[in-house]
Amino acid sequence: MTQLVQLNMPPVSPAPTAGPLTDSFGRVHTDLRISVTDRCNIRCFYCMPEEGAQFSPISELLSFAQIERFVRAARDLGVTKIRLTGGEPLLRPGLTELVSKLSDMTGIRDLALTTNGVLLARHAKPLFDAGLRRLNVHVDTLDRERFRTISRRDDLGRVLAGIEAAQAVGFPIIKINAVAIKGLTEPDVVPLVEFGRKNGVEVRFIEFMPLDAQHLWSLDRVLTADEMIAVLEREYGPLRPVPDADPRAPATEYEFPDGYRMGFIASVSRPFCMNCNRLRLTADGKMRYCLFANEETDVRPLLEGEDRFAELSAAIRATVWQKWIGHEINRVSFQPPSRPMYSIGG
Ligand code: SAM
Ligand code: SF4
């Protein structure tokens with residue numbers, strides 16, 4: 001596995017006050033992930049505990065007006081791409097209102113939503129009508145028992161119905177996110193790709209990252225991109241790596257002999273930190289420069305009204321400027337962040 005060079009020292013110079021939204025390594029940030037809730041209706045073991053998940057009080061969640069204010073400030077600094085996530089974003093009441101506001105916002109060129117799909121059948125049309133066009137639906141397995149083992153819920157049928165509904169409504173881009181776990185999901189690699197090929201959706205396998213609430217992660221539970229490629233090549237023959245259309249995108253894509261494309265988000269075995277252009281806003285108003293960051297900036301007080309817009313812009317610049325060179329999953333000294341995935345927003 002790649003070892004990241006340890007250069008994670010905070011920058012000594014202050015953040016720039018003009019120009020692109022850059023960190024001290026020159027990475028320009030254009031991509032914002034917003035968590036709209038930390039609650040979820042299923043309990044994937046690599047994310048949430050089965051019982052006793054700690055949620056922020058509802059009163060502490062950012063309002064849509066606050067989220068919009070943050071987006072306007074980020075947009076003015078160069079952010080063009082937004083992904084709504086959670087927790088499970090479809091649990092947030094009135095989400096279509098936010099989608100509608102963001103999809104109409106000048107300068108936002110790309111709006112996407114990541115969902116577990118359980119409630120998608122009901123929400124697909126209102127989301128489409130509100131202007132959403134890109135969906136990532138999380139499906140780790142097509143096996144009902146394994147779905148239940150992973151998510152501690154019996155909801156595979158609802159998720160598949162959600163994908164069908166989204167296709168029927170006309171979503172042009174639907175991708176599948178599948179977390180890959182060694183010793184568990186090997187039998188799912190080929191069936192998920194077959195599902196993707198048949199249904200015209202791109203499957204992305206995501207390596208298991210140390211972001212689970214119960215600290216169950218270990219390196220030997222990571223089913224790596226190379227291991228999955230070997231499984232797929234045995235079945236389909238050589239896969240062709242696709243030259244990166246967008247080198248900042250986290251997935252490495254491959255093309256099958258018949259032209260079908262799929263990808264891997266190989267954060268553990270092939271860290272892509274040097275291409276990272278993402279910043280994050282948690283549901284309770286903390287800004288983060290990395291999923292794995294151990295520090296965050298509380299921007300909620302700056303989102304109360306319009307009068308603190310300049311301070312908000314400065315806080316966004318300062319947080320991005322503090323960004324480290326990259327996560328250190330592969331180092332023995334690695335410490336997972338205090339917030340698990342559901343509370344950060346994946
Ligand atoms: N609930 C929605 C969902 O599951 O798609 C959105 C939030 S979820 C945190 C976002 C993505 O994070 C999911 O697609 C899931 O695949 C991924 N994820 C969660 N925990 C993970 C982990 N420990 N390692 C890798 N990916 C993870
Ligand atoms: Fe919920 Fe998504 Fe976490 Fe699974 S990965 S528990 S669906 S937030």
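Atoms within a ligand are numbered from 1 in the order they appear, just like the ligands themselves. Here the structure is a predicted model, which means the values were calculated and not measured.
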Item to check | Sole candidate of Arg288, Lys286, Arg280 that passes side chain to side chain donor-acceptor pair (under 3.5 Å) when paired with Glu296 | outcome: Arg288

Item to check | Total protein N, O or S atoms, atom 1 (Fe) of ligand 2, separation less than 2.8 Å | outcome: 1

Checklist entry - For Phe256, is the NZ or CZ atom of Arg240 found under 6.0 angstrom from the centre of its six-membered ring and inside 45 degrees of the ring axis? => result no

Item to check | SB check Asp154 Arg144 (cutoff 4.0 Å) | outcome: yes

Checklist entry - For Leu95, does its backbone N or O pair with a side-chain atom of His123 as donor and acceptor, under 3.5 Å? => result no

Next on the checklist: Taking atom NZ as the centre, does Lys101 end up with more than 12 heavy-atom neighbours from other residues, nucleotides or ligands that are less than 6.0 angstrom away?
Outcome noted: no

Next on the checklist: Using the rule given for side chain to side chain contact (heavy atoms under 4.5 Å, CB included), can you reason through Leu156 versus Arg148, listing the C-alpha separation, both sets of side-chain angles and the distance that settles it, and then say yes or no?
Outcome noted: CA-CA 8 Å; Leu156 177 61; Arg148 206 198 315 239; over 6 Å; no

Report every pair formed by an N or O atom of ligand 1 and a protein N or O atom separated by less than 3.5 Å, giving atom names and the distance to 0.1 Å.
from	atom 1	to	atom 2	distance (Å)
ligand 1	1 (N)	Gly87	O	2.9
ligand 1	1 (N)	Glu88	OE1	3.2
ligand 1	4 (O)	His138	ND1	2.7
ligand 1	5 (O)	Thr115	O	3.4
ligand 1	14 (O)	Asn177	ND2	3.0
ligand 1	23 (N)	Tyr46	O	2.8
ligand 1	23 (N)	Met209	O	2.9
ligand 1	24 (N)	Met209	N	2.9

Next on the checklist: Pairing donors with acceptors under 3.5 angstrom, does anything connect the side chains of Thr141 and Asp143?
Outcome noted: no

Item to check | Electrostatic pair Asp140-Arg146, nearest N-O below 4.0 angstrom | outcome: no

Next on the checklist: Please check this pair: side chain of Ser103 against backbone of Ala130, looking for a donor-acceptor N/O pair closer than 3.5 Å.
Outcome noted: yes

